[in-house]
Amino acid sequence: MAAAEHPLERALVGVCACMGRPPIPPRSRAACVELLQSFFLWASPSAESGCGEEILARGSPAMRASLVLTEAVKAVSRGGGQVTGAGTAEEGPELKSQTAEESGKSNLVKGDVEKTGNKDVAPTPKVKALSAPVVLDAQCVLDCATAPLLLLCGVHIQEAAWSDPQARCLSNQLLLSLLDAAHCPSVTELLRGSPEEPYSPYRAALGLLGPRLRKDTWPSHPDASLVFPWLLFQVPRPFLSEYLSRVMPPSLLLSDDYKLKNKILGVRCLHHIVKNVPAAELRQYNRALVVYHALRNHLYSTEHDLIEVVLPCLLDLFPILHKPPPALGAYKKDAEDPADQVMQLLLTHMEMEHRINLRRLYARTLPAFQERLGVGIVRHLKRLLQVIVGYLEVYDGPAEAARLSILETLQGTIKYAWPR
């Protein structure tokens, strides 16, 4: 097969042409990585391109060029072909690399005839090598392309100002093609990578997203705040702990934003980290306490959607923050327990709250906090009984959701605080 007709080389030339580069395919693995990373940055919103017509015009061509590349990888994988960095395409046995002194001489394939099963294969013709070639096979290109193309799918697959319906449709096709090329049933398996280097695609993706998620740069890259949570939720326990120092700062940054949707995304990221990172690592360097203070500040908000994600996250964080007394009978101040602090704040909000949706939310969450405190609920018994009576007196619709939840709280109060 001629070099210009090789599908991998043709696809890589198409990627270059899409960006307006000279149609020269990469000649090494490092050059292939640089090309595909630059391709992702070119097709993503930034301070230079913005989120307007320019980036809209780039989305669909980028998806088509990426689809051609993944299809070429699948075709070459099935045929066993490979392309060399010297511009020579070959199929079957790998040719020997030449030294500089032997440049220009013919390279012979070992053996005249190979056996494949019970069939004889014709001898491979002699191919001249221009220099010591670097072989770019399908697996090498796939390894280089996985992280950039996956991020590109994440940028354009969601409805946003920089994505149109055609780009979203092509992104879905690209994601399915990428999963098919890697023989993975899901994005989680794709990010897992090989057993020798687990989660190497996720590490490469974080390397690309890192500069776009700093405090001074992420407002110029609004796509990063959508792609980062999408990938983070695919990494389960215990692998996430290795990347804790890289995923926690962006999560805290998102949760501290002034936009509600970014706050919710940030809290969801923190909740995923709390559930999938060992407690010992979260206690190290007081990381768990940092998360607690970030979440506690959101309790002063009046946004129902934000409170709805903050309260379950706090419930999962309390066992990590809880420190048992150093010795039996040792004194411990009640105010030092974060669960007590949140319970006091929750009862304060419940006493004053008049919005029906927030009253229902607080009443629905109260039994879980009560169960967490156990017999310690007696410390809040006076205010708790006032809240119970106040909520039982107010009608909140035909479903009576708040009243039913408060009756469940009353039942738990009798169970845990029966000595009082």
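For the numbers below, each heavy atom of this structure counts, side chains included, while hydrogens, waters and symmetry mates do not. Positions are given from 1, in the same order as the sequence printed here. None of these values were measured; they are calculated from a predicted model.
For the pair Trp42/Cys18, a side-chain contact is recorded, criterion being any heavy-atom separation below 4.5 Å from C-beta on. Within the 4.5 Å cutoff, the side chain of Ser405 has no heavy atoms near those of the Thr365 side chain. Residues Leu231 and Leu150 meet the side-chain proximity criterion, which asks for heavy atoms closer than 4.5 Å. Within the 4.5 Å cutoff, the side chain of Leu232 has no heavy atoms near those of the Tyr243 side chain. Within the 4.5 Å cutoff, the side chain of Val387 has no heavy atoms near those of the Thr409 side chain. Side-chain contact between Leu190 and Gln234: absent, with no pair of heavy atoms (C-beta onward) separated by less than 4.5 Å. At a threshold of 4.5 Å between non-hydrogen side-chain atoms, the residues Lys74 and Ser177 count as touching. The closest side-chain heavy-atom distance from Arg168 to Pro165 is below 4.5 Å.
Within the 3.5 Å criterion, the main-chain N or O of Val247 finds a donor-acceptor partner in the side chain of Ser251. A donor-acceptor pair is defined here as one N or O able to donate and one able to accept, closer than 3.5 Å; such a pair exists between the side chain of Ser200 and the backbone of Glu197. Of the possible polar contacts, none joining the Trp218 side chain to the Leu253 backbone as a donor-acceptor pair under 3.5 Å is found. Under a 3.5 Å cut-off, the side chain of Asn262 and the backbone N or O of Tyr258 do not form any donor-acceptor pair. For His271 (side chain) and Leu314 (main-chain N/O), no donor-acceptor pair under 3.5 Å exists by modelled atom type. Judged by distance alone, with hydrogens and angles left aside, the side-chain atoms of His272 form a donor-acceptor pair with the main-chain N or O of Val235 at under 3.5 Å. The main-chain N or O of Pro201 is never found under 3.5 Å from a side-chain atom of Thr146 such that the two would form a donor-acceptor pair. Under a 3.5 Å cut-off, the side chain of Ser255 and the backbone N or O of Leu252 do form a donor-acceptor pair. Remark: side-chain polar atoms of Asn286 are not paired, donor with acceptor, to backbone N or O of Leu289 under 3.5 angstrom.
Here OH of Tyr292 is found 12.5 Å from SG of Cys313. Values are rounded to the nearest 0.5 Å. One distance of note links CD1 of Ile273 with CZ of Arg237; it measures 13.0 Å at 0.5 Å rounding. Atom CG of Leu358 sits about 8.5 Å away from atom CD of Glu303, to the nearest 0.5 Å. With values rounded to the nearest 0.5 angstrom, Leu208 atom CG is found 8.5 Å from Arg212 atom CZ. Taking OG1 of Thr70 as the start and CG of Asp180 as the end, the distance is 9.0 Å to the nearest 0.5 Å. Here OG of Ser66 is found 11.5 Å from CD of Glu71. Values are rounded to the nearest 0.5 Å.
Look at Arg383 and Glu351 and you find a salt bridge, because one of the NZ, NE, NH1 or NH2 atoms lies within 4.0 Å of a carboxylate O, short of that distance. Salt-bridge annotation for Asp216 and Arg214: present, with a side-chain N of the basic residue lying under 4.0 Å from a carboxylate O of the acidic one. In summary, Glu281 and Arg283 do not engage in a salt bridge, as defined by a charged side-chain N under 4.0 Å from a carboxylate O. Under 4.0 Å is where a charged nitrogen must lie from a carboxylate oxygen, and between Lys261 and Asp305 no such pair does.
More than 12 heavy atoms of other residues, nucleotides or ligands sit less than 6.0 Å from atom CD of Glu400. More than 12 heavy atoms of other residues, nucleotides or ligands sit less than 6.0 Å from atom CD of Glu34.
In terms of heavy atoms, Val375 sits closest to Tyr416 at CG2-O, 3.7 Å. In terms of heavy atoms, Ser60 sits closest to Gln166 at OG-OE1, 3.5 Å. Of all non-hydrogen atoms in Val155 and Trp162, the two that sit nearest each other are O-NE1, 2.9 Å. For the pair Ser225 and Pro222, the tightest heavy-atom approach, listed with the atom from each and the gap, is OG-O, 2.8 Å. Across all their heavy atoms, Pro22 and Cys16 have their closest contact at O-CB, 3.6 Å. Between Val141 and Leu69, the shortest heavy-atom contact is CG1-CD1, 4.0 Å.
Of the N and O atoms on the side chains of Asp337 and Gln341, not one donor lies less than 3.5 Å from an acceptor on the other residue. Using a 3.5 Å distance cut-off with no hydrogens or angles, the side chains of Gln370 and Thr413 do pair a donor with an acceptor. Remark: the Asp340 side chain and the His380 side chain contain an N/O donor-acceptor pair separated by less than 3.5 Å.
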- [ ] Might you work through the salt bridge (charged side-chain N to carboxylate O under 4.0 Å, His left out) test for Asp256 and Lys263, ending with a clear yes or no?
- [x] CA-CA 6 Å; Asp256 196 38; Lys263 287 182 179 181; over 6 Å; no
Open item on the list: Test side-chain contact (heavy atoms from CB on, under 4.5 Å) on Ile307 and Leu311; report intermediate values, then the result.
Closed with: CA-CA 6 Å; Ile307 300 295; Leu311 293 176; 3.7 Å; yes
Task: Step-by-step side-chain contact (heavy atoms from CB on, under 4.5 Å) determination, Thr217 to His221 - done: CA-CA 7 Å; Thr217 59; His221 304 93; 4.3 Å; yes
- [ ] Using the salt bridge (charged side-chain N to carboxylate O under 4.0 Å, His left out) rule, take Asp396 and Arg359 through it: C-alpha gap first, then chi angles, then the decisive distance, then the call.
- [x] CA-CA 9 Å; Asp396 69 313; Arg359 286 172 67 92; over 6 Å; no
- [ ] Please assess Leu345 against Tyr300 for the test side-chain contact (heavy atoms from CB on, under 4.5 Å), listing each intermediate value before the final yes or no.
- [x] CA-CA 9 Å; Leu345 189 57; Tyr300 294 97; 3.8 Å; yes
Open item on the list: Is there a side-chain contact (heavy atoms from CB on, under 4.5 Å) between Met19 and Phe39? Walk through the geometry before answering.
Closed with: CA-CA 7 Å; Met19 293 189 292; Phe39 183 56; 3.8 Å; yes
- [ ] Report the C-alpha distance between Glu242 and Arg203 in whole Å, list the side-chain angles of each, state the deciding distance to 0.1 Å, and finish with yes or no for salt bridge (charged side-chain N to carboxylate O under 4.0 Å, His left out).
- [x] CA-CA 10 Å; Glu242 181 181 348; Arg203 189 181 307 112; 3.7 Å; yes
TODO: Apply the test salt bridge (charged side-chain N to carboxylate O under 4.0 Å, His left out) to residues Glu308 and Arg268: give CA-CA distance (whole Å), side-chain angles for both, the deciding distance (0.1 Å), then the verdict.
DONE: CA-CA 11 Å; Glu308 192 173 23; Arg268 290 179 59 203; over 6 Å; no
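Taking the six-membered ring where the residue is Trp, Tyr199 and Phe239 present tilted rings, their angle falling between 30° and 60°.
Both tests do not hold together for Arg403 against Tyr391: distance to the six-membered ring centre under 6.0 Å, angle to the ring axis within 45°.
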